[in-house]
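Notes follow the structure.
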Amino acid sequence: MKIATWNINGVKARIDTVLSWLEQSAPDIACLQEIKSVDENFPREAFEALGYNVETNGQKGFNGVAIFSRLPFDEVNRGLPGDDDDEQARFIEGVFSTSNGVLRVVSLYLPNGNPVDSDKFPYKLGWMDRLDAWARERLALEEPLVLAGDYNVIPMPGDCHDPAVWEGDALYRPESRGAFRRLANAGFTDALRAVTDAPETYTFWDYQAGAWQKNNGIRIDHLMLSPEAANRLESVDVEKHVRGWEKPSDHVPVVAQMAF
DNA sequence: ATGGTTGACTTTCAA
């Protein structure tokens with residue numbers, strides 16, 4: 001089974017690109033972020049025509065996450081618990097039945113957090129605290145769980161082209177990286193780092209200043225696996241070539257092959 | 001070079 005995460009930067013602008021990718025990469029489960037669409041306007045029929053079940057948690061203009069799955073959804077949970085006042089659509093969980101038992105998959109879009117002197121940075125850190133608390137509850141189930149998404153966190157210096165330029169940025173601040181490590185320390189495996197220590201394996205290149213041409217990228221899209229999921233990991237592919245397509249997203253898909 | 005690009009959407013904001 002192939003499980004993918006991809007920040008598509010707008011489903012309306014990216015629909016043809018996403019359809020082409022689904023046909024070529026053929027994930028069994030695709031976790032998408034930044035759909036930038038409300039649920040009522042999401043072009044679900046185009047994706048259903050390719051054989052996917054579609055569940056979304058959208059909002060107007062910004063954010064929004066989705067899960068496409070060849071397996072039917074047994075259960076769908078929208079929104080990260082822990083703050084009833086949080087109206088940003090950044091979290092959706094799907095529960096599936098596989099031939100090897102239950103599988104839980106989350107598509108998450110973690111807040112960017114910049115600028116760090118605004119309320120956006122504490123919102124990011126608070127969101128990470130809530131994710132940590134939610135994830136620890138799920139770990140107690142001892143089930144395969146994949147936390148897939150755009151974490152907006154550069155975990156290590158080797159995950160960016162030039163660490164010096166990221167000093168002080170919300171994606172690289174010690175608080176952000178520390179919260180990401182706490183999640184890992186709770187018992188989640190960074191899928192890519194489980195299979196390779198290769199530096200300069202990026203998942204995002206800014207549209208500006210020729211970042212793609214200069215390979216000035218960062219690794220911020222991650223698949224975090226519970227022990228039961230990590231034990232079924234076979235390989236991970238960062239589909240870098242997708243960044244070179246016409247009308248690309250600024251992120252590329254990260255795809256895990258898993259034994260389900 | 002204090003810039004640069006893209007998307008959603010009114011006018012700038014978010015990234």
Side-chain angles (χ1 to χ4, degrees), chain A residues 5-21 31-44 46-47 56-66 80 85-91 107-128 131 148-155 159-173 175-177 179-180 202-222 239-254:
Chain A
T5 185
W6 190 18
N7 180 323
I8 61 172
N9 191 18
V11 71
K12 185 188 274 186
R14 212 70 60 213
I15 183 162
D16 291 337
T17 310
V18 176
L19 289 169
S20 297
W21 171 72
C31 300
L32 307 182
Q33 300 86 38
E34 280 206 271
I35 62 175
K36 297 186 176 180
S37 167
V38 294
D39 296 338
E40 308 84 78
N41 294 343
F42 192 86
R44 58 168 51 242
F47 303 112
T56 61
N57 181 18
Q59 71 178 89
K60 184 180 164 70
F62 307 103
N63 305 327
V65 290
L80 178 63
D85 295 329
D86 184 0
E87 297 186 343
Q88 298 194 31
R90 298 179 172 276
F91 184 98
S107 178
L108 68 89
Y109 177 46
L110 214 146
N112 177 294
N114 283 305
V116 293
D117 60 356
S118 73
D119 57 4
K120 292 182 179 182
F121 190 51
Y123 172 65
K124 175 180 194 160
L125 297 178
W127 206 94
M128 295 186 84
L131 177 63
D150 175 358
Y151 281 72
N152 269 312
V153 175
I154 301 165
D159 293 318
C160 59
H161 184 69
D162 182 3
V165 308
W166 291 98
E167 286 294 334
D169 191 283
L171 278 62
Y172 196 65
R173 278 279 292 255
E175 298 94 325
S176 308
R177 294 174 59 197
F180 185 81
Y202 305 135
T203 66
F204 168 93
W205 294 260
D206 201 292
Y207 290 123
Q208 303 184 62
W212 167 243
Q213 289 76 12
K214 291 186 268 191
N215 196 30
N216 180 13
I218 53 178
R219 188 176 76 93
I220 56 175
D221 299 274
H222 310 299
E239 297 188 340
K240 182 176 181 177
H241 65 281
V242 172
R243 186 63 175 78
W245 286 357
E246 297 259 337
K247 259 182 89 68
S249 168
D250 38 7
H251 298 250
V252 298
V254 182

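Here is how names work: the chains are called A, B, and so on, in the same order as the sequence lines, proteins then strands, and each is numbered from 1.
- What separates CG of A/N114 from P of B/dC13 is a distance of 16 Å, to the nearest Å.
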Give every donor-acceptor pair under 3.5 Å between a side-chain atom in residues 119-128 of chain A and any protein atom, sequence neighbours left out.
residue, atom, partner, partner atom, Å
A/Y123, OH, A/D86, OD1, 2.9
A/Y123, OH, A/D86, OD2, 3.0
A/K124, NZ, A/N112, O, 3.0
A/K124, NZ, A/N152, O, 2.6
A/K124, NZ, A/A170, O, 3.0

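- At whole-Å resolution of the value, CG in A/L171 and P in B/dA14 are 16 Å apart.
- For A/R243, the salt bridge (charged side-chain N to carboxylate O under 4.0 Å, His left out) criterion is met by no residue, not counting sequence neighbours.
- For the C1' atom pair drawn from B/dA1 and B/dT5, the interatomic distance equals 16 Å after rounding to whole Å.
- No donor-acceptor pair closer than 3.5 Å links the side chain of A/T56 to the backbone N or O of A/G58.
- If you find the closest nucleotide of DNA chain B to A/G61 and to A/D250, the one lying nearer the 5' end belongs to A/G61.
- Of the candidates B/dT6, B/dA15, B/dA8, B/dA15 carries the atom nearest the A/N112 side chain, counting heavy atoms from C-beta on.
- Considering only side-chain N and O atoms, A/K247 lies under 4.0 angstrom from the phosphate OP1 or OP2 of B/dG7.
- At whole-Å resolution of the value, NZ in A/K60 and P in B/dA14 are 15 Å apart.
- The residue among A/H251 and A/P248 whose nearest nucleotide of DNA chain B lies closer to the 5′ end is A/P248.
- Surrounding CD of A/Q213 are more than 12 heavy atoms belonging to other residues, nucleotides or ligands, all under 6.0 Å away.
- To the nearest angstrom, C1' of B/dG7 lies 13 Å from CG of A/N63.
- A gap of 13 Å separates the C1' atoms of B/dA15 and B/dG4, to the nearest Å.
- Rounded to whole Å, atom P of B/dA14 lies 10 Å from atom CG of A/D119.
- A/F204 places its CZ atom 16 Å from the P atom of B/dA14, with the value rounded to the nearest Å.
- When the side-chain nitrogen and oxygen atoms of A/K120 are compared with OP1 and OP2 of B/dA14, one or more of them lie within a distance under 4.0 Å.
- The P atoms of B/dA14 and B/dT10 are separated by 13 Å, rounded to the nearest whole Å.
- The nearest whole Å value for the distance from the CD atom in A/E34 to the P atom in B/dC13 is 18 Å.
- Considering only the side chain of A/Q208, B/dT5 comes nearest among B/dG7, B/dT10, B/dT5.
- A donor-acceptor pair shorter than 3.5 Å cannot be found between the side chains of A/T5 and A/D221.
- At the heavy-atom level, A/R243 lies nowhere under 4.0 Å from the strands shown.
- When heavy atoms are screened at a 4.0 angstrom cut-off, A/Y109 is found touching the sugar-phosphate backbone but no base atom.
- For the pair A/R90 CZ and B/dA15 P, the computed distance is 6 Å after rounding to whole Å.
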